Each structure stands twice: as C-alpha cells, then as structure tokens.
Amino acid sequence: MSENSEAPGPQPAGATGANGSSSGSGSAPAAPGPQPEPIRFFGTTWVGHDGGYALRRAGVAVGSLAAAVAACFILRFAYQGLEIAEVGGVVGMLVIVMFAVCSAIAFRKTWESFGSRPKDPAREDALRGLKSIGFIGSLLAYFFRSLIEAPGEKLRRTEYETARAQFDKRRSARTGNPAARRASGRKRPKRG
C-alpha cells in the first residue's frame, strides 16, 4: 500500500494503472492518497472487478489446476524412475510421504497467506524450500481460492479500505491544508 501526497512522477515501463491496464505517456496522474496493491496475475483489477477480472480469475483457476495435474504426472514419472532403479520400497514410500507432507504444508501456508500477512517473515523464508517441494499444494490453494476471489483480494481490500479511510480522516481533519480551508473573513494586508 503506498500513499502519495502529490502527483507521482513518470511510471516505469509496464506499470499498471488503477484499472490494471498499462499506463502510457498520456495517462492522467493517480489521485493522492493510498494506492491499491497489485495482485499477481490481476494487477489492480480487483478493486473495481474491471479490466477482464472474471476472465483472469477463470484463467488462474484453469492454469493452476492444469499445472497441478501436469506436476502430478511428472512426479509419477519420477516415481516410476525410482521403481525402475529398484531402490527399494522404503525409499519409494519416503518420497511419497515427503511430497504429501510438503504439499500439505505448502497448501496451508499459501492459503493462510491469502487471509493475513505473515507474523514472522523469517520463518516464512525458512519454509520456502519446503513450499518449493510441495508446489502442488500451492497450486491447489491458488485453484480453490480463485474459485472464490482473486487470491489475496480480501486481505488487500481490507488493507486498502482501512488506509483509504485513515487518509480521508486525516485529510479532512488537517487544518494546515489550503485546499481544504474555507475562505475566512480575515484577509492579508497588501504589500506596498
């Protein structure tokens, strides 16, 4: 969430505007105040559900499910490779348990990240390898969440509305803002 008190300077190439579309050189400057945080694959289309939001949600759902299915086939081929190598039943069972546990942890952590910010970022960094191994769980979390909303939309919307309300409250309560001041009866004397 970023807060701008004046019109922003030029945006880098590929930056998205409030509707998720790419901003060109002739675009209008953003309104002062907090700006919505973009979501992966959605940009800021989640704010007004515009700019192909429904198609993006469908695309994320289909894409994450297809990627999870493809990953399962790849893991099946890897398991068949272990069977061909005749490494033994214990190793094959350990591989299956490892991927199942890692996928369950990755699903849970990814699902939790859609609803709240991590309380301990260092712990999240420590779990990055575990979540990489269990990537199928993360893909399934994206699939199920995209059936409800853009993954992380509820969290970002709550933060954005809170920041927007605080900004509006501060702006209306500010006494030193010349734009918000009404003309008072007192005038300055002219300099001669």
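Computed from a predicted structure; not experimentally measured. Note that the numbering runs from 1 along the sequence shown for the chain.
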Practice problem: Supply the atom-to-atom distance Q80 CD to L75 CG, rounded to the nearest 0.5 angstrom. | Solution: 11.5 Å
Exercise. Would you check if there is a donor-acceptor pair between the side chains of E153 and Y53 at a distance under 3.5 Å?
Key: yes
Exercise. Return each pair, listed once, that meets salt bridge (Lys or Arg N to Asp or Glu O under 4.0 Å) where at least one residue sits in residues 73-90; pairs must be two or more places apart or across chains.
Key: none
Quiz item: Looking only at heavy atoms, what is the nearest atom pair of A61 and L147, with distance?
Solution: CB-CD2, 4.3 Å
Practice problem: Might you work through the salt bridge (Lys or Arg N to Asp or Glu O under 4.0 Å) test for R171 and D168, ending with a clear yes or no? | Solution: CA-CA 5 Å; R171 187 175 176 112; D168 291 341; over 6 Å; no
Practice problem: Specify the closest pair of heavy atoms between A141 and F114, including all atoms of both residues, with the distance to one decimal. | Solution: O-CE1, 3.7 Å
Quiz item: Quick one: CZ on R157 to OG1 on T162, what's the gap to the nearest 0.5 Å?
Solution: 12.0 Å
Quiz prompt | Approximate separation, where rounding is to 0.5 Å, of T45 OG1 and D50 CG | solution = 6.5 Å
Quiz item: Is the closest side-chain heavy-atom distance between I136 and F99 below 4.5 Å?
Solution: no
Self-check item: Heavy-atom check, side chain of F42 versus side chain of V60, under 4.5 Å
Solution: yes
Quiz item: Is there a side-chain contact between S64 and F144 (heavy atoms, below 4.5 Å)?
Solution: no
Quiz item: Say you draw a straight line from CZ of R164 to OH of Y160; how long is it, rounded to the nearest 0.5 Å?
Solution: 5.0 Å
Self-check item: Cation-pi geometry met for R145 and W111 (6.0 Å, 45°)
Solution: yes
Quiz prompt | Check: E124 side chain, P118 main-chain N or O, donor-acceptor pair, under 3.5 Å | solution = no
Practice problem: Please tell me if the side chains of P36 and W46 come closer than 4.5 Å, counting only heavy atoms from C-beta onward. | Solution: yes
Quiz item: Just how far is it from atom CE of M98 to atom OG of S103, taken to the nearest 0.5 Å?
Solution: 9.0 Å
Practice problem: To the nearest 0.5 angstrom, please state how far the CZ atom of F135 sits from the CG atom of L140. | Solution: 10.5 Å
Quiz item: Between R57 and S146, is there a donor-acceptor pair closer than 3.5 Å when you use the side chain of the first and the backbone of the second?
Solution: yes
Quiz item: Going by heavy atoms in the side chains, are F41 and R56 under 4.5 Å from each other?
Solution: no
Quiz item: Of the non-hydrogen atoms in L155 and G115, which two are nearest, and what is the gap between them?
Solution: CD1-O, 3.7 Å
Exercise. Quick one: closest heavy-atom pair of Y142 and P151, and the distance?
Key: CD2-CG, 3.6 Å
Quiz prompt | Check against side-chain contact (heavy atoms from CB on, under 4.5 Å), K109 and R123 | solution = CA-CA 11 Å; K109 288 297 182 183; R123 184 165 185 242; 3.7 Å; yes
